[in-house]
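What follows is a single structure, written as C-alpha cells, with notes after it.
Treat the numbers as computed from the prediction; the structure is a model and nothing was measured.
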Amino acid sequence: MQPRRQLLRLLLPVMLAALSVPPDAAILPKDSDEQYELTFWESIKDSNHVGDYEAYLNTYPNGRFSALAKARIARLKAAAPKTESKPEQKTETARPEAPKTEPPRTEKKPEAPRAEKKPEPPRPPARAETPPEKTPAAPAAAAAAAAAAPAAGNVKEIRDCPTCPVLVSLPPGSFTMGSASGDPSERPPRKVSIAQGFAIGKYEVTVAQWNTCVEAGACQRLTTADGPAAPVRDVSWEDAQQYLKWLSTLTGKSYRLPTEAEWEYAARAGNGSRYWWGEQMRPKMANCKDCGEPWRKEGPADAGSFAANAFGLHDMSGSVWEWVADCWNASHAGGPSDARARDAPNCRTRVIRGGSWRDGESYMTAATRFKYEGSVRQSQNGFRVVRSGE
C-alpha cells in the first residue's frame, strides 16, 4: 500500500495541471455572480420545498444547476399531495377590509400574529400567540456587549394591537456602517447618523402574525410546516409590502421595512465589532448551522430562542434573511450618511440582511448583506417591521 500512496502523491500535481485546475479555483469573491449562484444553490440543495428550486430557476434559468433543479421539482411534485402545491406569487397588494379593532392587551410577545379578520380573529393558544418573551440567559460575552451599548437604556417596547408585532423603540444615534475588512459589498465603511428614533420589531414577523393577515384577506396564504411562533419565511419583498400595508391600515400607524442603515444600526446595538456580541463567534448566540443549539436543518428555531442584543432585539443574526427597503448596490460607495433607503425606479433586486439558519458563521456578522429578486419567494427569506415617527 505504501508505494501506491507515494505514487498517487507524485501523480496528483500532474493530473491537476493536465486538467488546468488552478489551486484557488473554488475560491470566489462573495459579491461575484458565480458566488451568488453557488451560495444560492448551496443553501437550497437539501431542501424539500418545490418553491426553492423554482426560485433558483427563476433567477438562473440557464444556471449550472438548472437541470438538477428541474429534476428535484419533478421528484418533489410527484411525491407531494396535490394540496401541497405552492400558491402563486401575488404581485399586486390586496386592499384589506377595515378590520374590527380589538381591545388593547398589555401582554405582547410576537409569537405569531398575522392578518386580522373583520370579525374578531380566533385567538391562538397562549404559547403560539406570543414568541418567547423570556430571553435565554445571555453568556458573559453577550452581557458585556449589552453593557457597552450607550443607548440601550433608552429603549421601550410598544404593541399597537394584540396581534401586532412587539416593537422596540430605538433612540437616535450614529455608527459606522459596513466593514473595512469584509466582503467588497460591505465596503467602504462610512459614518451614518440616525437623526430620528424609530421602532423596530423585537422579533421577525412570525407565522401566526402572517396568518392573521391571511385571515383578513390581505396576505397570501403560505404552505408551511413551521409552528406559529417560528419566523414566517418563503415570502417575497412584495409579499412583505402586503403585510405592511394591512398593518398600517389596521393600526392607523405607518409601518414599513427598515432601511439598510436602520437595520444595521439596530443589529449592532452600539457595538462596532464583527458580531453584536464581539469579534469571535460564540455558541448559542445566533441561529446558524455552525452556531450551536437549538438548531435543525429543516427550519429556523422559534422567534426569541436565542439571546437578544443590547437593544433587546432577537435574531438579527441568523434565523431568516430579512428584507430591507433598499435597492441592491454592489457596495456602500455613494450611500447616504443618514438613514435614508437607497432606492431606484423599477428596482427589481432588493437587499436582504442577517443570514439564515442554513448559513455558516461567516454570514452572521453585522455587516453581511446579500441580494434577491424582490418578486421571488425563497424559503430562507423573511422580514421584520419598522414603525416610523418615534
What's the separation between atom [atom1] in [X] and atom [atom2] in [Y], rounded to the nearest 0.5 Å?
| X | Y | atom1 | atom2 | value |
| --- | --- | --- | --- | --- |
| R274 | E279 | CZ | CD | 7.0 Å |
| C164 | L247 | SG | CG | 5.0 Å |
| T365 | M281 | OG1 | CE | 9.0 Å |
| R342 | C347 | CZ | SG | 11.5 Å |
| D326 | K371 | CG | NZ | 15.0 Å |
| M316 | N309 | CE | CG | 7.0 Å |

Counting only heavy atoms not in R296, do more than 12 sit closer than 6.0 Å to its CZ atom?
yes
Would you find more than 12 non-hydrogen atoms of other residues, nucleotides or ligands less than 6.0 Å from Q280 atom CD?
no
[X]: partners by salt bridge (charged side-chain N to carboxylate O under 4.0 Å, His left out), with sequence neighbours left out:
| X | result |
| --- | --- |
| E260 | R353, R369 |
| D290 | none |
| R340 | D338 |

Shortest non-hydrogen contact between Y255 and S248, atoms and distance
N-OG, 3.0 Å
Can you see which heavy atom on A325 is nearest to which on A341, and at what distance?
CB-CB, 4.1 Å
N/O donor-acceptor pair under 3.5 Å between [X] side chain and [Y] backbone:
| X | Y | answer |
| --- | --- | --- |
| W295 | P300 | no |
| S174 | S193 | no |
| T259 | A339 | yes |
| E37 | R64 | yes |
| D226 | R233 | no |
| N329 | S331 | no |
| R190 | P336 | yes |

Do Q196 and P172 touch side chain to side chain, with heavy atoms closer than 4.5 Å?
no
Could you check if a side-chain atom of Y53 sits within less than 4.5 angstrom of a side-chain atom of L57, using non-hydrogen atoms only?
no
Does one hydrophobic cluster hold both [X] and [Y], with members joined at side-chain heavy-atom distances below 4.5 Å?
| X | Y | result |
| --- | --- | --- |
| V205 | W357 | no |
| I194 | L257 | yes |
| W277 | L313 | yes |

Please determine which of Y372, W263, Y243, W323 meets the ring pair (Phe, Tyr, Trp, His ring centres under 6.0 Å) test together with F383.
Y243
Please identify which of these residues, N58, D52, D239, D234, meets the side-chain hydrogen bond (donor to acceptor under 3.5 Å, both in side chains) condition with R377.
D239
Passing option when S319 is tested against E204, Q380, H314 for side-chain hydrogen bond (donor to acceptor under 3.5 Å, both in side chains):
E204
Think R268 forms a cation-pi with W276, using NZ or CZ under 6.0 Å from the six-ring centre and within 45 degrees of its axis?
no
Looking at E298 and R358, is there a salt bridge between them, counting it only when a charged N and a carboxylate O are closer than 4.0 Å?
no
Does a side-chain N-to-carboxylate-O contact under 4.0 Å join D160 and R387?
yes
Do you see a donor-acceptor pair shorter than 3.5 Å between the side chains of [X] and [Y]?
| X | Y | value |
| --- | --- | --- |
| R187 | S179 | no |
| S169 | E157 | no |
| E373 | T349 | yes |

Parallel, tilted or perpendicular: ring planes of Y363 versus F370, cut at 30 and 60 degrees
perpendicular
Checking salt bridge (charged side-chain N to carboxylate O under 4.0 Å, His left out) for the pair R256/E262: CA distance, chi angles, key distance, verdict?
CA-CA 12 Å; R256 56 180 175 81; E262 289 171 336; 2.8 Å; yes
Run the numbers on D302 and S305 for side chain to side chain donor-acceptor pair (under 3.5 Å), then give the verdict.
CA-CA 6 Å; D302 285 353; S305 296; 5.5 Å; no
List the steps, then state whether salt bridge (charged side-chain N to carboxylate O under 4.0 Å, His left out) holds for D359 with K289.
CA-CA 6 Å; D359 297 309; K289 67 179 180 182; over 6 Å; no
